[in-house]
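Below, all heavy atoms of this structure are taken into account, side chains as well, without hydrogens, waters or symmetry copies.
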Amino acid sequence: MAFPDLPEPEGVDVEIRKPSRRKRVAKRPPARAVILSLLALAVVLRPWLVFGVLLVTVFVVLGVFLALGYDGFWQRAMALGRWYAARRPERAAALHARLDAFAMKWDAVLDRFPEGTVDGLYLPDFGEMAAAEARHDAALDRRFDRLRDPEA
């Protein structure tokens, strides 16, 4: 069986779309929006869980504060702050400014109480603690230098 001779088809102008060079990028919400929406969902669906986690956190921090004492707690908090400042200086400066502003507001609240009743609740002056720590480190360095080189 032979195929019959068919005439050549006429040229038809068909526009074929080229695939887009731009790939379609799925829009993703920012991480902050996702975290806040998950937190809101947890508050609505499991309010006791959120309350329990916050209460346990407060008790753990209070226990650490009581175990280490006022000075030990804030020295460790300042060490954590120095580590963060070495890691991300510009964010640490902004955080330091916010903490300082909060400490001033908290001190204003505590100033309303009678003298001596709330002395343990005052927040340390973060800048002064850092300056005192730097002076102490400089004094230690001078002493160690004298021990290394007794002629100096």
Closest non-hydrogen atoms of Val34 and Pro29, given as atom of the first, atom of the second and distance, are CG2-CG, 3.8 Å

Discussion item. Below 30° counts as parallel, above 60° as perpendicular, anything between as tilted: where do the rings of Tyr70 and Trp74 land?
Written reply: perpendicular

Here the gap from Arg112 atom CZ to Asp107 atom CG, rounded to the nearest 0.5 Å, amounts to 12.5 Å

Hits for ring-ring contact (aromatic ring centres under 6.0 Å, His included) against Phe51, two or more places apart or cross-chain, chain-then-number order -> Trp48

Between the CG atom in Leu54 and the CG atom in Leu49, the distance rounded to the nearest 0.5 Å is 9.5 Å

- request: Could you state whether Leu110 and Phe65 fall into the same hydrophobic cluster, counting links through intermediate Ile, Leu, Val, Met, Phe, Trp or Tyr residues with side-chain heavy atoms under 4.5 angstrom apart?
  value: yes

*Does the side chain of Leu147 come within less than 4.5 Å of Arg143's, by heavy atoms?*
no

Scanning both residues in full, the closest heavy-atom pair of Ala92 with Ala85 reads CB-CA, 3.5 Å

Thr117 and Pro114 have their tightest heavy-atom pair at OG1-O, 2.8 Å

* May I ask whether Val53 and Val50 are part of the same hydrophobic cluster, defined by side-chain heavy atoms of I, L, V, M, F, W, Y residues being less than 4.5 angstrom apart, directly or through others? => no

Would the distance check show the side chain of Arg87 and the main-chain N or O of Trp83 forming a donor-acceptor pair, the cut-off being under 3.5 Å? no

Applying side chain to side chain contact (heavy atoms under 4.5 Å, CB included) to Leu95 and Arg91, what does each step give before you reach the verdict?
CA-CA 6 Å; Leu95 180 65; Arg91 290 180 88 183; over 6 Å; no

Between Phe73 and Leu68, the two heavy atoms sitting closest are N-CB, 3.8 Å

A side-chain contact here means heavy atoms from C-beta on lying under 4.5 Å apart; do Leu80 and Tyr84 qualify? no

* Atom CZ of Phe113: over 12 foreign heavy atoms under 6.0 Å -> no

Output for pair (Leu38 CG, Leu45 CG), nearest 0.5 Å, gives 10.5 Å

CZ of Phe59 to CG of Leu66, rounded to nearest 0.5 Å, is 11.0 Å

With sequence neighbours left out, the residues meeting salt bridge (charged side-chain N to carboxylate O under 4.0 Å, His left out) with Arg148 are Asp145

